[in-house]
2 protein chains.
Amino acid sequence: MKKNPTQKYASIIFKKHNHNVCFNNAMKAFQKHCFEKNLKLTPLRIKVFEFLLRDHQPLGAYQILDMLRDSGFGSTPPIAYRVLDFLIEQGFAHKIKRLNAFVACSHLGSTHSPAFMICRKCEKVAEINEKESGVNLKKAAPFDFKIEEAVIEVIGLCISCITVEAT
Amino acid sequence: MKKNPTQKYASIIFKKHNHNVCFNNAMKAFQKHCFEKNLKLTPLRIKVFEFLLRDHQPLGAYQILDMLRDSGFGSTPPIAYRVLDFLIEQGFAHKIKRLNAFVACSHLGSTHSPAFMICRKCEKVAEINEKESGVNLKKAAPFDFKIEEAVIEVIGLCISCITVEAT
DNA sequence: ATCGCCATGTTATAATATAACATACGTTTA
DNA sequence: TAAACGTATGTTATATTATAACATGGCGAT
Ligand SMILES: [Zn+2]
Ligand SMILES: [Zn+2]
Ligand SMILES: [Zn+2]
Ligand SMILES: [Zn+2]
């Protein structure tokens, strides 16, 4: 399997890329993680993670429920929300608040405090890691606020949508 | 009216401060803005802005509706959402996505791209201006993503809640 | 006076999310 | 083995947040 070029710039996500690499790496990491942590790798969890991995388009909970119904799984809201909570807790998915939607993590293998670039047109999302993000939160909050987490969502236009708009 | 110490560090908001200053400055700025832009300064708009200015605690739309009902205004959802949209458009309020709630702006008088510090315990919110925030988005997104807006919400514990917890 | 504009009001419903309880199944324990 | 337990899934109902669509009323411009 050919590797994608380095994701130093997360914007690869907005371009054509060998998405099988994204998919397979993530799914393997998920399997490994569950095995090592003794967590149950169930068909439902695998299925939902597959949905999220289809491309870099976030999915709403109710979209996921529709897809689960089509696949013969239960499809009432708690089903989706529970699996999503699990994936988020385990670091394999993130919630994009801007979109009320969920996306597979693309910086697996480490606890991280990601930032997201969200294309307002195609709604694809790229995850930027902390160092790339240019965020210096220590500078932001002085001595008297104890930072625990940061939610950073950058909205704009991705390269593909810029190109289309310019046409 | 005594001035508050400089808001160089937004964390003043989490401490005791002369809140009349915050309130009066904001309300005056709002009146001035509406006059200059020829926008209608209606009782409803004033009332909602007053609610948001009571302290630095964000209010949910339905909380605002309850307060409007108590004040004899209409209290169906569109009433609140429309006024909030107006205040946000005019730069006098922000939505805190983390809380699904709304807060008065505390850096009036300029278009700005704020960041927020949100105390997870008391849920008070301080607004940090862009320069303070330590965010360098140009660094974050390279040549192929056109940034239009950034949503930054930092979650943690404010100085007052840290103190209480330590007790 | 009439028209158009805009704020407010009303009714209904959409979209997102959680609470509470029921079942099923594999693992541990008695 | 049987009971007890933990955890995943399933179900029912409801809570929370937000918007669509249409109606009314005041007010200034023509
Ligand atoms: Zn990919
Ligand atoms: Zn795009
Ligand atoms: Zn502001
Ligand atoms: Zn606090």
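Throughout, protein chains are lettered first and strands after them, A, B, ... in sequence-line order, and every chain is numbered starting at 1.
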Give the ring-plane orientation class for Phe49(B) versus Phe30(B), where under 30° counts as parallel, over 60° as perpendicular and anything between as tilted.
tilted
Less than 4.0 Å between a side-chain N and a carboxylate O, is that true for [Y] and [X]?
X         : Y         : result
Arg98(B)  : Glu149(A) : yes
Asp66(B)  : Arg69(B)  : yes
Arg120(B) : Glu148(A) : yes

Looking at Lys15(A), is its backbone amide N or carbonyl O close enough to the side chain of His17(A) to form a donor-acceptor pair, meaning the two atoms are under 3.5 Å apart?
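Yes: the side chain of His17(A) pairs with the backbone of Lys15(A).
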Length of the line joining [X]:[atom1] and [N]:[atom2], which is rounded to integer Å:
X        : N       : atom1 : atom2 : result
Ile79(B) : dT17(D) : CD1   : C1'   : 17 Å
Leu68(B) : dT10(C) : CG    : P     : 13 Å
Phe73(A) : dT11(D) : CZ    : P     : 13 Å
Leu84(A) : dT9(D)  : CG    : C1'   : 15 Å
Glu89(B) : dC6(C)  : CD    : P     : 13 Å
Lys47(B) : dT8(C)  : NZ    : C1'   : 17 Å
Leu39(B) : dC5(C)  : CG    : P     : 17 Å
Arg98(B) : dT16(D) : CZ    : C1'   : 17 Å

For nucleotides 24-30 of chain D, list the nitrogen or oxygen atoms of the protein found under 3.5 Å from its nitrogen or oxygen atoms, one pair per line.
none

Examine Arg45(A) relative to Phe86(A) and say whether NZ or CZ is less than 6.0 Å from the centre of the six-membered ring and inside a 45° cone about the ring axis.
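So Arg45(A) does make the cation-pi contact.
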Please produce a list of atom pairs where a protein N or O lies less than 3.5 Å from an N or O of nucleotides 13-19 of chain C.
residue : atom : partner  : partner atom : Å
dA17(C) : OP1  : Lys95(A) : NZ           : 2.2
dA17(C) : OP2  : Tyr81(A) : OH           : 2.9
dA17(C) : O5'  : Tyr81(A) : OH           : 3.3
dA17(C) : N7   : Tyr62(A) : OH           : 2.6
dA17(C) : N6   : Tyr62(A) : OH           : 3.4

If the condition is side chain to side chain contact (heavy atoms under 4.5 Å, CB included), which residues does Lys47(B) pass it with, not counting sequence neighbours?
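Here the qualifying residues are Glu50(B), Phe51(B), Leu68(B), Ser71(B), Phe73(B).
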Taking all atoms of both residues into account, what is the closest heavy-atom pair of Phe145(A) and Cys158(B), and its distance?
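Closest pair (atom of Phe145(A), atom of Cys158(B), distance): CD1-CA, 3.7 Å.
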Is the closest side-chain heavy-atom distance between Val103(B) and His56(B) below 4.5 Å?
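No, their side chains stay 4.5 Å or more apart.
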Between Phe86(A) and Ser75(A), whichever has its closest DNA chain D nucleotide further toward 5' is Phe86(A)
At under 4.0 Å, does any side-chain N or O of Arg45(A) touch on OP1 or OP2 of dA8(D)?
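It does, given that an N or O in the side chain of Arg45(A) lies less than 4.0 Å from OP1 or OP2 of dA8(D).
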